Structures are given as C-alpha cells and as structure tokens.
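If you're wondering where the values come from, they're calculated on a predicted model, not measured in any experiment. The sequence lines fix the lettering, A, B, ..., with proteins before strands; numbering per chain opens at 1.
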Amino acid sequence: MMLDHGTLEQDHNNQTDILRHKMRHSAAHIMADAVLQLFPQAKMGIGPPTQDGFYYDFDVPQPFTPDDLIQIEELMNKTISQNQPFIRKELTRDEAKLLFADQPYKLEIIEAIPDAETLSIYSHGNFTDLCQGPHVENSSDIPAMKLLNIAGAYWRGDESRPMLQRIYGTAFENQEALEDHLEKLEEALRRDHRTIGRDLGLFSAHEEIGPGLIVWHPKGGILRSLIEDYWRDIHYRHGYNIVYSPHIGKSNLWETSGHLGFYKENMYAPMEIDDQEYFLKPMNCPFHIMIYRSGLHSYRELPLRIGELGTVYRYERSGVMHGLMRVRGFTQDDAHIFCMPDQVESEVGGVLDLTFEILNAFGFKDYQISLSTRPEKYVGELSLWDHATSSLESALQSRGLEHDIDEGGGAFYGPKIDIKIKDALDREWQCSTVQFDFNLPERFDLTFQDSDGERRRPYMVHRAILGSLERFFGVLIEHYAGAFPLWLAPNQVTIIPIADRHYDYCESVRDTLSNSGFRVEIDNRGERMNQKIRQAQMQKVPYMLVIGDREQENQMISARSRESGDLGSMSVHDLISKMQSEIK
RNA sequence: GCCCCUGUGGCGCAAUGGUAGCGCAUUCGAUUUGUAAUCGAAAGGUUAGGGGUUCGAGUCCCCUCUGGGGCUCCA
C-alpha cells in the first residue's frame with residue numbers, strides 16, 4: 001500500500017528521481033556515441049532511462065561481447081571527462097529526416113511522431129540523437145556510471161521485427177550511490193529463490209521431468225501445506241465453499257467456455273480417451289461453473305463463492321520460464337463469485353479486504369495496484385462494464401488504496417484489479433487479481449431465480465489472492481531470504497546435544513515441544529556444538545536449543561535465536577510460551 | 001519462439017589440444033566438545049547428450065537438451 005510518507009521526503013525523492021532520470025538518459029546518449037565510434041555501421045534503436053538505469057538498442061552485424069562492453073565503457077568515461085555540453089535544438093521534419101537519413105529506426109520514429117509535435121535533437125561532441133530530453137547540461141554531470149549486461153530485444157518489442165542488441169547500464173549522482181545499487185543487486189542474487197530453494201531443500205526442477213515443472217521437497221512441502229491450511233481456514237471464515245475438480249475435461253467443455261477459441265495457444269495438445277478428446281485444464285472456471293450449474297439457484301443463495309486450490313497447466317514458451325515464478329504447471333488459489341448486481345461492490349470490497357489480510361499475514365506491505373478498464377475488443381453490455389468498473393473503482397477508493405489505471409488493459413471479458421508484489425530484484429510479480437467475467441455466464445447460460453420469480457444472469461467474478469502457490473512461494477522465499485517467520489519455518493527448533501549422554505533428555509524436550517505442536521529436530525551427529533549451530537543458522541532455523549550437563553541437571557534448556565543469538569537458560573515451558581506468543 | 005551467454009562428482013569451482021583436480025556436502029573411524037566450520041580416511045565423474053576435426057578433445061566445429069540474462073506474454 002502506498003501510504004503518505006510526508007511531502008518533504010517526497011520532494012526530495014522526486015528531485016533525486018528527476019536528476020537520475022536526466023543523467024541516465026544522457027548516459028544512454030553517451031553510450032550510443034561510444035558504440036557508433038567503435039561500430040560505425042551500427043543502427044540506433046531507442047535509448048531511454050528506466051527504473052534503475054538505462055539501455056540503448058542497436059542493430060549491429062555482430063552481437064556485442066563482454067570485451068566490447070569494457071571498451072564502450074572506457075570510451076564513455078573519456079567523453080564524460082571531456083566536459084562536453086548537451087545542446088538542444090529544434091528542427092523540422094525534413095531536416096530531421098535528412099539528418100538521420102542512414103538511421104532507419106530513427107526515421108521510423110520520426111514518421112510515428114504526430115505532426116503537431118515539435119521535433120528536437122540533443123547533441124554532445126560529434127554525436128546527435130533525436131530526443132525530447134531533458135538532459136543534464138554537461139557530460140561531466142554523470143558522476144558514476146557502469147554498463148551491466150547485454151541482451152537481445154525486438155525492435156518495438158515486436159517479434160516480427162528485427163532483433164536488436166540491447167546494452168543495459170546504470171548511473172548515479174555519486175560513486176557511493178552506484179556502489180549501493182550494485183550491492184543491492186548482489187543482495188538480490190543472494191536472495192534468489194532458486195539458490196535458497198536448493199540450499200534449504202525446498203524444491204527442485206529436473207531435466208528428466210521437464211522445464212517449468214516443479215517438485216516440492218519435504219521442507220517446501222511443509223511450508224506449502226501450512227500456506228494451504230491457513231488459506232482454507234481463512235476462506236471458510238470468509239464464506240467460501242471449497243471444492244475439488246479434475247485435471248482434465250472433454251473438448252466440449254472447453255469449446256463452450258471459449259478457451260479453445262481464445263486460449264488455445266496456452267493449452268497442451270489433447271489426449272484421446274474412448275474416442276473423445278480431453279484437454280489438460282489451463283483454468284478452473286469451467287469446473288466451478290459446472291458446480292454452479294448442477295442445481296437451480298435462488299437469489300437467497302447469492303453471493304455464492306466457490307474456491308479451489310486448483311492445479312492448472314499452461315504452455316509457456318521455452319524462453320520465459322523462471323524458477324518458481326513462471327512455470328508450466330501450477331496451483332492457483334482460485335475462486336469464483338456468483339452474485340447479483342447490488343452485491344457486486346461489497347463482494348469486490350470483500351475480496352480486497354481478504355487479499356490484504358492474507359498478504360499482511362505473510363508479511364507483505366508493498367503492493368502495486370492497478371485497475372484495468374475496457375479494451376477495444378470486448379464482449380458483454382456496456383452498462384455491465386460501466387457498473388463493474390465503477391464498483392472496482394469505488395471499492396478501491398473507499399479503502400484509500402492508491403492505484404494506477406491501465407486504460408483499455410482489461411481482458412475482453414471484463415475489467416479487473418491486479419495487485420503486484422516485488423521480488424528481491426525489484427521485478428514485479430502479479431499475484432492477486434480480481435476480474436469480472438461477462439463472457440462465461442453467457443456461454444454457460446448461468447441464471448438465478450430472482451425475488452420476483454424471474455430468471456436472471458448472475459455477475460461472475462474470478463479472483464486469486466496468492467495467485468499461484470509456486471509464484472507466491474518464490475516471492476515469499478525472496479522476501480524472507482529463506483528466514484521464514486516462526487509459524488512458517490519448516491523446522492522451528494533444532495535441539496543440539498553437547499554429548500551423547502544428553503540424548504535422552506533431548507528426546508524428552510523434543511517430545512514436549514512436538515506435543516505442543518512445534519516442528520523439532522535433534523542434531524545428534526557426532527559433530528561439535530559450534531558446527532551444529534552453524535548448520536542450523538545456515539538452514540535458518542528460528543530456535544536452537546543447546547543441551548548439556550547444566551541443562552540436564554536443572555531440567556532447563558539454553559535457547560539461541562536465529563536473529564539475536566544466545567537467549568540464555570529457560571524452562572521448556574517458557575520457551576513454548578515465548579514461541580506461542582511469537583506465532584500469534 | 002527469438003538474441004546472447006552457459007553446462008566438469010549432490011553443490012561451488014579448477015584444469016597452455018596431452019594422466020580430470022580442489023573445497024563443501026556424503027560415508028566410515030577417532031574425538032564427547034558450551035553459542036557460527038575438530039582431525040583422519042574412503043567413496044563419488046563415459047566432463048549434459050549425439051556427431052565431427054585431430055595421433056590425441058573437458059578444451060576446437062555442428063546438432064539436440066538444460067540452465068541464465070533479456071524481448072514478447074502472463075498466475
């Protein structure tokens with residue numbers, strides 16, 4: 001949630017942002033300058049500043065190498081040290097076309113700029129680029145800069161257009177800020193859920209199984225079942241009905257739902273069973289609709305909320321898979337709400353409240369909310385769209401939730417609210433989503449009997465809060481860097497006997513804790529205590545209990561916490577109370 | 001799917017075209033330890049897979065697959 005942080009700080013942040021924006025934009029120009037000096041045949045694409053850096057795209061005969069990057073950076077530093085002023089000039093279309101006659105991508109950009117807009121160029125040294133600006137005054141106003149990596153990128157993001165070579169870099173107002181940023185990138189790498197997932201034994205993927213298909217290991221499995229238990233419990237409390245549905249369904253079902261029409265490229269090839277085609281499910285909605293349709297519904301039953309932890313399979317192109325964040329088989333915490341028009345707003349509000357309650361419980365505080373409105377191509381009546389969109393809007397507003405508006409960004413079947421969570425690398429991942437659907441109720445001819453006896457069409461809302469358990473788990477791992485809060489830690493307590501003669505007492509402590517519902521392990525390897533502590537720390541176990549002669553004699557334990565080290569001696573009972581209060 | 005990079009014991013890495021090594025982890029033995037790494041030994045690899053060049057390939061070339069950084073799309 002974006003809360004008000006006070007205007008002073010905001011002003012400062014804005015000014016820094018503007019400064020960085022300008023300096024990065026200018027750095028992109030200086031980079032293009034360097035590239036053209038080294039590779040005169042290069043054709044320039046675009047070179048904008050981004051959230052934390054800048055890039056520039058080039059069409060070059062040979063892709064850049066890491067060595068090229070070093071050379072380019074050297075040349076850039078030279079330009080920066082030469083104090084070259086940035087000069088803005090306005091010019092006519094014809095002048096611009098002449099100037100960029102051998103730069104086809106620039107010509108394309110010029111063509112695309114509306115006639116009413118003034119064209120401008122920025123120059124430094126011998127380099128000139130078509131550009132709106134603004135820029136820093138002088139090349140020396142880029143105190144700290146570094147090129148980061150090379151990647152392919154389609155011209156205008158369109159895969160039917162040529163692939164250009166993109167160079168990413170970043171720039172900051174001083175060396176310290178740059179180093180902080182690089183340090184942050186390293187920290188993000190350390191938090192990478194793929195690394196932590198392996199080190200903590202949470203999950204894995206295998207060449208033998210196939211890309212984008214995850215196996216959850218015992219420790220990941222405990223975490224998942226804790227998440228699922230919490231999810232079920234809170235959903236029951238919020239009036240949801242929890243259901244189960246199969247993984248495949250006949251082609252008829254998917255034809256009726258329309259998925260074979262508009263979602264086929266994400267669905268796997270059908271399998272034939274008794275002369276009928278069956279498809280692996282990419283979504284749960286048709287099954288929930290069949291549950292709805294298996295009886296007549298009175299207005300008294302609405303709203304009807306049907307939820308499921310439903311595992312779906314979607315084809316993802318081979319280059320897009322990413323750890324747990326983007327996979328081919330995943331479990332959605334899906335639900336469908338069937339309701340009457342006058343219930344829409346409170347239902348949407350209820351979903352939002354539930355969403356933030358759940359996300360908060362997992363420790364998430366920073367979200368990015370967006371409302372997506374009606375696209376050009378859509379189904380359903382305009383009045384329904386307007387009603388739905390305004391109810392989404394007012395549900396957000398009445399809760400004081402700041403949000404972006406993605407005009408025309410809704411699905412063809414309804415407007416939606418998306419909520420994104422940031423991962424360790426500041427990439428945003430969509431988890432929660434609330435979507436209206438004006439398509440499926442029509443296609444499946446859903447009705448309810450209203451108080452006046454008439455059959456009416458219910459509103460249908462899709463919603464997911466965690467999104468997919470896989471992705472949510474990935475974000476959770478990075479959020480905590482593997483040091484999960486006590487209630488989620490796969491192993492909550494490791495008991496460390498000092499010598500063999502303490503095993504029996506350790507087992508009695510273990511039993512006491514287990515009987516109170518805690519997950520406990522005893523490390524009875526023939527290792528030194530320090531080694532056992534080290535391993536438990538690296539496994540991010542919240543509590544370690546050191547047990548030796550002193551403890552055994554006094555029937556106590558010596559507790560150590562993952563965060564604050566030695567907590568001293570206490571009774572098992574005290575430890576239990578301490579942990580219980582930490583959990584609730 | 002596309003562009004680039006990558007692939008060596010479970011993990012992290014090494015090996016000018018000439019005998020595949022090291023650390024961690026594992027197993028066994030010794031040690032019985034007081035708040036982040038005890039010592040020793042053993043075991044573990046057709047260098048992702050397939051083809052080619054070469055007297056000789058982990059190393060060079062081609063194909064396939066995995067993984068990574070992006071583009072596009074999305075939970």
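Residue contacts for A:Tyr315: at a heavy-atom cut-off of 4.0 Å it reaches the sugar-phosphate backbone alone, with no base atom in range. Nucleic acid contact for A:Val312: none, since no nucleic acid atom lies under 4.0 Å from a heavy atom of the residue. Within the 4.0 angstrom heavy-atom criterion, only backbone atoms of the sugar-phosphate kind lie near A:Asn149; the bases stay farther away. Across all strands, A:Gly467 comes closer than 4.0 Å only to sugar-phosphate atoms, never to a base (heavy-atom distances). Contacts of A:Glu551 with the nucleic acid, taken as non-hydrogen atoms under 4.0 Å apart, include base atoms. No engagement by A:Pro66 is indicated, since no non-hydrogen atom pair under 4.0 Å with the nucleic acid exists. Using a 4.0 Å heavy-atom cutoff across all strands shown, A:Arg314 reaches at least one base atom of the nucleic acid. Residue A:Ser432 is classed as having no contact, given no heavy-atom separation below 4.0 Å to the nucleic acid. As judged by a 4.0 angstrom heavy-atom cut-off over every strand, A:Ala153 is placed among residues touching the sugar-phosphate backbone only. Counting non-hydrogen atoms under 4.0 angstrom, A:Arg550 reaches a base of the nucleic acid.
Contact annotation: A:His322 does not reach the phosphate of B:G70 (side-chain N/O to OP1 or OP2, under 4.0 Å). Proximity of A:Tyr168 to the phosphate of B:C71: a side-chain N or O atom is located under 4.0 Å from OP1 or OP2. The phosphate of B:G67 has neither OP1 nor OP2 within less than 4.0 Å of any side-chain N or O from A:Arg198.
An aromatic stacking contact between A:Trp429 and the base of B:A75 is absent, as defined here by ring centres under 5.5 Å apart and ring planes under 30° from parallel.
Looking at A:Arg471, its side chain comes within 3.5 Å of the base of B:C74 through a donor and an acceptor atom. For B:G70, the base has no donor-acceptor partner in the side chain of A:Tyr55 [N/O atoms by modelled type, under 3.5 angstrom]. Counting atom types as modelled, A:Arg463 pairs no side-chain N or O with a base atom of B:A75 as donor and acceptor under 3.5 Å. Residue A:Glu316 places a side-chain atom within donor-acceptor reach of the base of B:A75, judged by atom type and a 3.5 Å distance cut-off alone. Contact of A:Asp500 with B:U32 (side chain to base): a donor-acceptor pair of N or O atoms is detected under 3.5 Å. Within 3.5 Å, no donor on the side chain of A:Gln165 pairs with an acceptor on the base of B:G70, nor the reverse.
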Given side chain to side chain contact (heavy atoms under 4.5 Å, CB included), test A:Leu147 with A:Tyr168 step by step and report yes or no. CA-CA 6 Å; A:Leu147 299 188; A:Tyr168 284 95; over 6 Å; no
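Of the candidate nucleotides B:G1, B:A75, B:U38, B:G1 has the atom nearest to the side chain of A:Glu159.
Both A:Gln537 and A:Arg166 lie close to RNA chain B; mapped to their nearest nucleotides by heavy-atom distance, the more 5′-ward contact belongs to A:Gln537. Judged by closest nucleotide on RNA chain B, A:Gly548 is the one of A:Gly548 and A:Asp158 placed further toward the 5' end.
With a 3.5 Å ceiling on both atom-pair distances, the Watson-Crick or G-U wobble partner of B:G23 is B:C11. Under the Watson-Crick or G-U wobble criterion, with both distances below 3.5 Å, B:C60 is paired with B:G52.
Residues A:Glu521 and A:Arg510 are not paired through a salt bridge, judged by the lack of any N-O separation under 4.0 Å between the basic side chain and the carboxylate.
Enclosure of atom NZ in A:Lys43 by more than 12 non-hydrogen atoms of other residues, nucleotides or ligands within 6.0 angstrom is indicated.
Using a 30° and 60° split on the angle between ring planes, A:His217 and A:His206 fall in the parallel class, below 30°.
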